[in-house]
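Written out below as C-alpha cells is the structure these notes cover.
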Number of protein chains: 2
Amino acid sequence: MANIREIAKLAGVSVATVSRVLNDYPYVKEEKRKAVWEAVEKLNYTKNINAVHLAKGRTYIVGVMLPYVNHPYFSAIVEGISEEALRCGYHLLLFQTNYDVQKELEALEMLRMKQVDGLIICSRTINWETLEMYKEDGPIVLCEDAKNDDVLSVYIDHYEAFLLGMNYLIGKGHRKIGYCIGRTTGINSQNRHAAYSDALRKIDETPREDWIFDHCLDIDDGKRVVNALCSMKERPTALLVSSDQVAAGIVLWGQSKGLNAPDDLALVSFDNHPISEALSITTIDLPLLLMGQRAFQMVHNCLITGTMAGQAEKLPVRLVERRSV
Amino acid sequence: MANIREIAKLAGVSVATVSRVLNDYPYVKEEKRKAVWEAVEKLNYTKNINAVHLAKGRTYIVGVMLPYVNHPYFSAIVEGISEEALRCGYHLLLFQTNYDVQKELEALEMLRMKQVDGLIICSRTINWETLEMYKEDGPIVLCEDAKNDDVLSVYIDHYEAFLLGMNYLIGKGHRKIGYCIGRTTGINSQNRHAAYSDALRKIDETPREDWIFDHCLDIDDGKRVVNALCSMKERPTALLVSSDQVAAGIVLWGQSKGLNAPDDLALVSFDNHPISEALSITTIDLPLLLMGQRAFQMVHNCLITGTMAGQAEKLPVRLVERRSV
DNA sequence: TATTGCATTGAAACGCATTTCATAAATTAT
DNA sequence: ATAATTTATGAAATGCGTTTCAATGCAATA
C-alpha cells in the first residue's frame, strides 16, 4: 500500500503539499494539485485512517453503550443517535454490555484511549463514582436522569411518567395496581418504583411485592405475567407496564386465558410503539428517537465548542388514551 | 497525556521493555516489570489505541453495513454479530446507509482505509462489480445469497422460503395469492418474486401487480395493506408477508375492519418473531441471530487464518404452522 | 574448559498523516 | 520604488506503540 511519501515523490512535491491537496487546503498551485491527484490515481492510494486518527487525536467516532440492541427501546434510541451522527459525519461504535460492569468499563477505557471522541450511555450498571473518573477523557452523555448537574444528560423523568400513569389509573377508580419492569436496579427503575410507592401511599394502599413483575422486556414476558396473574388468589385490577412489547404480550396472551383488557385488567404501558396503537393500548409516549438525537447533539456540541459544561435536558412525555383502561 | 517513552524514562528501561510489559510478553525481569507498572500507575498512563492500530495495521473492529437499525429483522442480525464479536474481543462499527449508495461506498472505503478489519453487509443497494473492487481490502461477508462463490456469504434462500410459503398456501386450496415486501429491489426481493411467479405459474395463475404490496416493513404498513385490500373489488384470499411485523399489523388492523385471518384472508409471514406466536400467525422461521453469528465467525476466521476462500453457507428455514391459514 | 543456548534488554526502524515554522516568490499597498 | 501582504512550498517535528535485530549476560552441555 502506497503512503503519502510515495505520492509526494511521484508527484515531485513535499508530503506537506500532498496533505494540503488531500485535505483541500488553499495555497497550492493548480498544477501541483493536479500532479498529486494523478499520483494518487496511479498508485491507487488511500489514506490510512489510523494514522490520521493518531495525528489528529480525533476519530470522529462516538461510542454507544447499551445492554443489547435487539429491543425496540434501544434500537429507537440508536436510530436517533445514528441519524444525527450521519448528518455530522460521525460513526457509531457499539458497546454491548449486557449490563456487565466489566464491559461497561471497557467502553469507558475506549474513551480514555481515544478510540472514540465521546460516549453515549443508554443504560448502565456501573456506579456514579466510577463514571466520574472518565469525565476528563471526553464528553459523556447519559440517557437517564443524572440527578446531577456536572454531567450531560438527556432524559425522560420516569418518576413523573410513572406517576402520570398511576394517577390516570387511580383516576379511573383503580386501587389494586401492580407493575412490570425490565430490571429493578438502574436509576430509571428506582425512580419508577418511587413513583409507584408514592402514588399508592396517597390513596392509602401498600405496594405488593407479588404484583411487581421483574425481567419484563419482550412479548414473551407478557405470557409469563399472564400465567402468574392467573394463578393468584387476589390479583391487581390494573398494571403499569414499562414497555409496549410486554403490554402487547399481556393483552394477547390474556385473551387466550380469558383475561381481557380493560375489564379484567387495565393496562397503561410506555413507548407508544406502533404495536400499542394496533392493540389499542393506552400508553405513555416516550420520545426515544428524539432522546437519541439530542444525546448525539450534546456530544457533538461539546466536541466542537470544547466546553463540557454539564447540562441536563428533560424530555416531555404524553399520555395517549386508548382502550386498555 | 503520558506516552510510552515517558514511562520508559521513569522506569529506567527502554520503550521496548515497556511494550513487553504492557503486552505481557516473557523475558522481562520481575523487577523491571514492577518498575514499569509503577511508572504506569504514577503517570496515570493509558495507551493511545490509535497508535496501536497504526502500528499493528489492525483495529479489532468489524463494520456492519445496514439500512437502519430500528427494525427487528436487522436488530436480530446485529445481535447475533455482536454476540460473537464480544466473545472474540472485537467491536462493531455501524454503517447506517438507508440504502444510499454513497453511504455504502463510504463503508467500503473504511475497509480500505483500515478503519475496520472486515465488513458484514446485512443488506445493500450497491452493485456487484463495485463490491468486488474491495475484495482485496479485507474479508467481506454478505448476509444474502451471493449467487457467486468468490465472496463469503451466509444466507437464507428466499426463493426456497417463499416457495415453501406459496406451496403451503396452495396446498390449503388458495389460488388468489398476493404478497407484501419491504422493497422490490435487492437480491432477496428478486428471489422472492421469482418464487412467487413460479409457484403461480405451476397452478396456471398469473401474478397480479395490485396484489403485491411494496414498502412493507412495520406494523403500520399492515394498516395500509388492510385499507388497500378493503377498497378492492377483487381481493386475494391469501398473502405471503415478508415480515411478522407487517403480518401482525394486517391481523390487528384487519380485525377492526372485519377482515379476519384466516377466513377472510390467510397469512403466512416470515421471521418467527415472538409477535407471530402471540398472534398465532403461521410463519416461516428465519435464523437471523444465527445468521449474524455465522457472519461474524466467517469474518473472524478469515482474519485469523489469512485465507479468503469464498464460501457460501445456506441456513435452514422451517414453517411454523399456527392459525392464520 | 569451551560451547551451545536461552534469558534479557535497548537502539532504531516502522507504520503514516498532520501541522508548525521558516523561507521564497508574487502581489498589493503606500 | 519600497514596504507590507498574500501566496506557495518544503523540512522537520509530532502523535505513539510495535517489532526487529544485535548484543550482553549467565547457565547448562560437551
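Proteins come first, then strands; the chains are lettered A, B, ... in the order of their sequence lines, and each starts at number 1. Hydrogens, waters and symmetry mates play no part in the numbers below; they use all other heavy atoms, side chains included.
Using a 4.0 Å heavy-atom criterion, one finds that A:Asn23 contacts the sugar-phosphate atoms exclusively. Across all strands, B:Val13 comes closer than 4.0 Å only to sugar-phosphate atoms, never to a base (heavy-atom distances). Across all strands, B:Val28 comes closer than 4.0 Å only to sugar-phosphate atoms, never to a base (heavy-atom distances).
In this structure, A:Lys34 does not pair ionically with A:Glu31, as no charged nitrogen and carboxylate oxygen lie closer than 4.0 Å. Of the charged side-chain nitrogens involved, none lies within less than 4.0 Å of a carboxylate oxygen, so that B:Arg112 and B:Glu136 do not count as a salt-bridged pair.
If you measure from atom CD1 of B:Ile4 to atom P of C:dG10, you get 13 Å, rounded to the nearest angstrom. At whole-Å resolution of the value, CD1 in B:Ile7 and C1' in D:dT18 are 16 Å apart. A straight line from CD of A:Glu6 to C1' of C:dA17 spans 14 Å, rounded to a whole angstrom.
Listed by chain and number, the residues in a ring-ring contact (aromatic ring centres under 6.0 Å, His included) with A:His71 amount to none (sequence neighbours excluded). Under the ring-ring contact (aromatic ring centres under 6.0 Å, His included) criterion, B:His53 pairs with no residue, sequence neighbours left out.
Proximity of residues 53-62 of chain A to DNA chain D (heavy atom under 4.0 angstrom from any strand atom) is restricted to A:Leu54, A:Ala55. Taking every heavy atom of residues 39-49 of chain A and every atom of DNA chain D, no pair lies under 4.0 Å.
Counted by atom type alone, B:Glu104 and B:Tyr99 present zero donor-acceptor pairs between their side chains at under 3.5 Å.
Taking 4.0 angstrom as the limit, A:Lys32 places a side-chain polar atom (N or O) nearer than this to OP1 or OP2 of D:dT9. Taking only side-chain nitrogens and oxygens, B:Ser14 never comes nearer than 4.0 Å to OP1 or OP2 of C:dA11. At C:dT19, one or more side-chain N or O atoms of A:Tyr25 fall inside 4.0 Å of OP1 or OP2 (strictly under the cut-off). OP1 and OP2 of C:dT8 both lie 4.0 Å or more from every side-chain N or O belonging to B:Tyr27. OP1 or OP2 of C:dG10 sits under 4.0 Å from a side-chain N or O of B:Thr17.
Rounded to 10 degrees, the angle between the two end axes of the helix from C:dT1-D:dA30 to C:dT30-D:dA1 is 30°, with five pairs used at each end.
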Enumerate all atom pairs, one protein N or O and one N or O from nucleotides 20-29 of chain C, separated by less than 3.5 Å.
none

